[in-house]
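All figures in this text were calculated on a predicted structure; none of them were measured in a lab. The sequence lines fix the lettering, A, B, ..., with proteins before strands; numbering per chain opens at 1.
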Amino acid sequence: MEKSFKKQKDKLSIFKNLRQRNRKNKNTREIPEDLFKKCPHCNEIQTSASYKDNVCPNCGFHLPMNAYERMDLIYDGRYKVLFTTKEAPNPLDFPGYGEKIDELKQKTKLDEAVVCSIGHIGKIKCVVCVMDNRFMMGSMGSVVGEKITKAIEFALKKKLPLIIFTTSGGARMQEGIFSLMQMAKVNGALARFKAANLLYVSYITHPTYGGVSASFAPMGDIVIGEPFAMYGFAGRRVIASTIKQKLPDDFQTTKYNMDAGFIDLIVERSKCKQTLGKILAMHQGVRHG
Amino acid sequence: MGRFEKVEKARDLKRPNIYDYINNIFDDFIELKGDRCGGDDSAIIGGIAFLNNQPVTIVGHLKGHDLNSNLKVNFGMGSPSGYRKALRLMQQANKFNRPIISFIDTPGAYPGVESEQKGIGEAIAKCIEDSFNYTVPKISIIIGEGGSGGALGFGVSDQVVMLENAVYSILSPEGFAAILFKDKDGSRKEEAAELMKLTALDLFEQGIIDKIIPEGDLNSNNFVYDKIGNHLTQEIQTLSRLDKKTLLHNRYERFRKY
Ligand SMILES: [Zn+2]
């Protein structure tokens, strides 16, 4: 209830901004963003209504999805958000970092770059973490690491399957070495979780890089990739400047990663929920009826 | 000494490398090669040796002492093959109940097309995750540069210790300045190093490492080798007294606290 009200309010504010902008530049004809959308991949302009689940109706490009949109997509219905926090550490006293976090909290209504939750997919109860790159590009600092670790420990205690949707620019540089330690903390929790023979599905969405791609993202029992998503350890620019030659066009796409052996399957967004449902069902034992 | 001077000291090619430590601290070292997936990385080495009378497994990054030798070992930047070799040797150590000692000395994992194609992220992630499963004592020593995920791959242990003039950070001060200060000409690397708190003392105070090992004059006596040798011997004895469950529990909690 509160959420749908919030959604409406967000839309309203987008519309207001748009109107104000239009008033300022009367001469330039702008595309009203809430009615039409331009695909960043094929550049076609289509009605927003024709974009089902943020997928371009023309070329099938998967535009980023925020955490709440993702949870609405996969869960059977209601779900419960877990481990929200007011913590916002700044261990290096990095100038302006605290203010930046406050601003993003206001703007995105998120407490950090991941939302942890519990609910049902295909009637099977599971714990799901969804990273949201509107918040500091989904980078992993102490809060992200702590929330995901708590979610893994919770899933272990309740003996539930775990799904993590990743999107991340990497470790949160502003928190220095403490961000690096999150990689160890989360993978420690995963080691325990796996030792209990519980299922972990890692779901790679655009873009997933750096510390996340060298900690929990590649460690799924099953690793799913979303079409068009970029997934790698070092960024394209860093690599290009090291080797000083042109990179292959499809470099670091999920397709490239699947061909290289690091992703089990690529699943279109329209099949996301049903694929997860099947995988969860197959890890429940023998099907009855 | 400014923090960036420490960084330069940590990167000094004259510093002892992993082979120097192995030759001066351990006996009968036998190097073991290969990832058993089709390759061997010269930037990461490993093998078995005696520490006094205790058999141990050693893995770590190899840096050269000059440009030529550094070109051969990729400046200590490990590739997926190297991390998979180390993983194999650590799993074997666990099987044969040998303590694991890792030497960390890398600017970071190698950023290249082949690294990505062979899954550098996966290789490092697996090293980190698996480190929580070994029921043998495990100690990491940062001897020079401890850079980023490439360092952390060998940095999950019961004890993480650092030489007095080593550094350990999320990335290089140059990289940090480029990303966060949009520094294009390296003019703000000193400022970055100060902010990053990457020296042994900084990290000890922040609870990231467990002990600082004094170096003395690294190139003119056995001071540092004796210090490391004594420390390892003592700590392995202490850790060996713990039952396996306690050992794993303590290692988990050591990293759970961050
Ligand atoms: Zn399109």
Side-chain angles (χ1 to χ4, degrees), chain A residues 91-95 142 145-146 149 153 170-192 194-195 208-219 223 231-235 238-243 245 247-248 251-252 256-257 259-262, chain B residues 77 80 83 108-133 146-153 155-157 168-171 175-176 178-180 192 194-198 202-203 206-209 248 251-258:
Chain A
L92 301 185
D93 295 320
F94 192 88
S142 308
E146 183 64 21
T149 303
E153 289 174 337
R172 180 83 47 89
M173 295 300 159
Q174 289 87 344
E175 293 181 28
I177 196 85
F178 287 92
S179 295
L180 195 70
M181 293 301 120
Q182 303 310 311
M183 296 164 63
K185 182 168 83 178
V186 174
N187 277 26
L190 278 179
R192 279 194 173 178
K194 288 184 181 175
T208 297
Y209 275 95
V212 167
S213 77
S215 56
F216 54 91
M219 289 291 99
V223 183
Y231 173 42
F233 181 60
V238 174
I239 297 168
S241 74
T242 324
I243 60 164
Q245 63 193 41
L247 298 169
F251 186 56
Q252 292 183 330
Y256 177 95
N257 273 288
D259 292 344
F262 295 99
Chain B
M77 295 186 282
Y83 287 97
Y110 183 69
V113 174
E114 205 188 319
S115 259
E116 297 289 325
Q117 203 198 7
K118 299 263 167 75
I120 185 66
E122 194 270 351
I124 292 172
K126 184 77 180 136
C127 280
I128 298 172
E129 190 184 284
D130 238 43
S131 293
F132 288 96
N133 295 329
S148 174
L152 186 68
V156 174
S157 290
Y168 187 21
S169 58
I170 185 104
L171 84 171
F176 190 89
I179 292 174
L180 292 177
E194 291 301 322
L195 195 57
M196 289 170 81
K197 305 193 179 94
L198 41 59
D202 290 331
L203 296 163
Q206 295 176 98
I208 301 290
I209 60 158
L248 286 188
R251 195 180 300 151
Y252 188 84
E253 293 301 326
R254 196 205 168 288
F255 289 90
R256 182 65 186 86
K257 67 180 186 232
Y258 298 120

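Between the CG atom of A:Leu190 and the CD1 atom of B:Ile128 there is a distance of 11.0 Å, given to the nearest 0.5 Å. Between atom OG of residue B:Ser131 and atom CG of residue A:Asn187 there is a gap of 9.5 Å, rounded to the nearest 0.5 Å. Here A:Asn257 contributes atom CG and B:Glu122 contributes atom CD; the two are 11.0 Å apart, rounded to the nearest 0.5 Å. Atom CD1 of A:Ile177 is separated from atom CD of B:Gln206 by 8.5 Å, given to the nearest 0.5 angstrom. Interatomic distance, CG of B:Leu180 versus CE of A:Met173, reported as 7.5 Å (0.5 Å rounding).
When atom types are taken as modelled, the side chain of B:Gln117 and the backbone of A:Ala260 share no donor-acceptor pair closer than 3.5 angstrom. Not one N or O on the side chain of B:Glu129 forms a donor-acceptor pair closer than 3.5 Å with the backbone of A:Ser215.
For A:Arg192, the salt bridge (charged side-chain N to carboxylate O under 4.0 Å, His left out) test picks out no residue, with sequence neighbours left out. For A:Phe251, the ring-ring contact (aromatic ring centres under 6.0 Å, His included) partners two or more places apart in sequence, or in a different chain, are A:Tyr256.
Nearest heavy-atom pair across B:Gly121 and A:Phe233 is N-CB, 4.2 Å. The two residues B:Ser169 and A:Leu180 come nearest to each other via the heavy atoms O-CD2, 4.2 Å.
The closest side-chain heavy-atom distance from A:Pro95 to B:Leu195 is below 4.5 Å.
For B:Arg256 and A:Glu146, the salt-bridge test passes: some basic side-chain N is under 4.0 Å from an acidic carboxylate O.
Ranked by non-hydrogen atom pairs under 4.5 Å with chain B, the options A:Ala191, A:Ala217, A:Gly261, A:Pro91 are led by A:Ala191. Here B:Ala125 is the residue among B:Gly153, B:Gly155, B:Ala125 with the most heavy-atom pairs under 4.5 Å with chain A. Your options are A:Gly235, A:Pro248, A:Ser241, A:Ser213, and the one with the most heavy-atom pairs under 4.5 Å with chain B is A:Ser213. Ranked by non-hydrogen atom pairs under 4.5 Å with chain A, the options B:Gly119, B:Cys127, B:Gly146, B:Ala151 are led by B:Gly119. The residue among A:Gly145, A:Ala189, A:Ala195 with the most heavy atom pairs within less than 4.5 Å of chain B is A:Ala189. Comparing A:Val186, A:Asp93, A:Val223, A:Thr149 by how many heavy-atom pairs each has under 4.5 Å with chain B, the most go to A:Thr149. By number of non-hydrogen pairs under 4.5 angstrom with chain A, the leading residue of B:Phe176, B:Tyr168, B:Tyr252 is B:Tyr252.
Of the two parts of B:Leu171, only the side chain, counted from C-beta on, holds a non-hydrogen atom closer than 4.5 Å to a non-hydrogen atom of chain A. Using a 4.5 Å cut-off between heavy atoms, B:Val113 touches chain A through backbone and side chain atoms alike. Looking at A:Gln174, both its backbone and its side chain come within 4.5 Å of chain B, counting heavy atoms on both sides. Only the side chain of B:Tyr110 comes within less than 4.5 Å of a heavy atom in chain A; its backbone stays farther off. With a threshold of 4.5 angstrom between heavy atoms, B:Ile208 approaches chain A through side-chain atoms but not through N, CA, C or O. Of the atoms belonging to B:Tyr258, heavy atoms from both backbone and side chain fall under 4.5 Å from chain A. Using a 4.5 Å cut-off between heavy atoms, A:Leu92 touches chain B through backbone and side chain atoms alike.
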